[in-house]
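Worth knowing before you read on, the calculation uses all heavy atoms, side chains too, and leaves out hydrogens, waters and symmetry mates.
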Amino acid sequence: MTKLIPIFINGGKWIQLSQLSKEQSAKLKSWLPVSCLKKIIFQGMEFSDCLDFETYEYWFRTNQVSEQKQALLDF
């Protein structure tokens with residue numbers, strides 16, 4: 001699984017769920033409370049489905065660990 005690089009907007013680090021694969025986006029959405037997703041307006045452009053990078057990074061690490069455990073069990 002490839003890790004996204006954050007977008008720096010107004011001093012914060014963000015990712016957009018639309019940058020993820022459909023599978024990753026669905027997994028992350030099922031893990032998140034809906035209130036975590038934000039709309040951010042920057043230089044007149046609206047970025048929807050944004051998530052702070054720290055939350056994404058935590059999910060990415062825990063999801064990657066669980067996939068590695070599953071791979072070991074499948075072996």
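- Taking a 4.5 Å side-chain heavy-atom cut-off between Ile, Leu, Val, Met, Phe, Trp and Tyr, the cluster of F47 extends to I7, I9, W14, I40, F42, M45.
- Here F8 is tied to no hydrophobic group at all, with no ILVMFWY side chain closer than 4.5 Å.
- Under the rule for a side chain to side chain contact (heavy atoms under 4.5 Å, CB included), T2 has no partner lying at least two apart in sequence or in another chain.
- Listed by chain and residue number, nothing satisfies the side chain to side chain donor-acceptor pair (under 3.5 Å) test with K38 (two or more places apart in sequence, or in another chain).
- Partners of K22 by side chain to side chain contact (heavy atoms under 4.5 Å, CB included), not counting sequence neighbours: none found.
- Under the rule for a salt bridge (Lys or Arg N to Asp or Glu O under 4.0 Å), K13 has no partner lying at least two apart in sequence or in another chain.
- Residues forming a side chain to side chain contact (heavy atoms under 4.5 Å, CB included) with Q43 (at least two apart in sequence, or on another chain): none.
- To the nearest 0.5 Å, atom CD1 of residue I15 and atom CG of residue L28 are 6.0 Å apart.
- D49 contributes a side-chain N or O that, together with a main-chain N or O of S18, makes up a donor-acceptor pair within less than 3.5 Å.
- S48 OG to Q16 CD: the interatomic distance, rounded to the nearest 0.5 Å, is 6.0 Å.
- Note that OH of Y56 and CG of N63 are 9.5 Å apart. Values are rounded to the nearest 0.5 Å.
- Here Q19 pairs with nothing under the side chain to side chain donor-acceptor pair (under 3.5 Å) rule; sequence neighbours left out.
- A donor-acceptor distance shorter than 3.5 angstrom exists from the side chain of T62 to the backbone of Y58, with no hydrogens or angles considered.
- Partners of E57 according to the salt bridge (Lys or Arg N to Asp or Glu O under 4.0 Å) rule, which considers only residues two or more places apart in sequence or in another chain, are K3.
- Residues forming a side chain to side chain donor-acceptor pair (under 3.5 Å) with T55 (at least two apart in sequence, or on another chain): D52.
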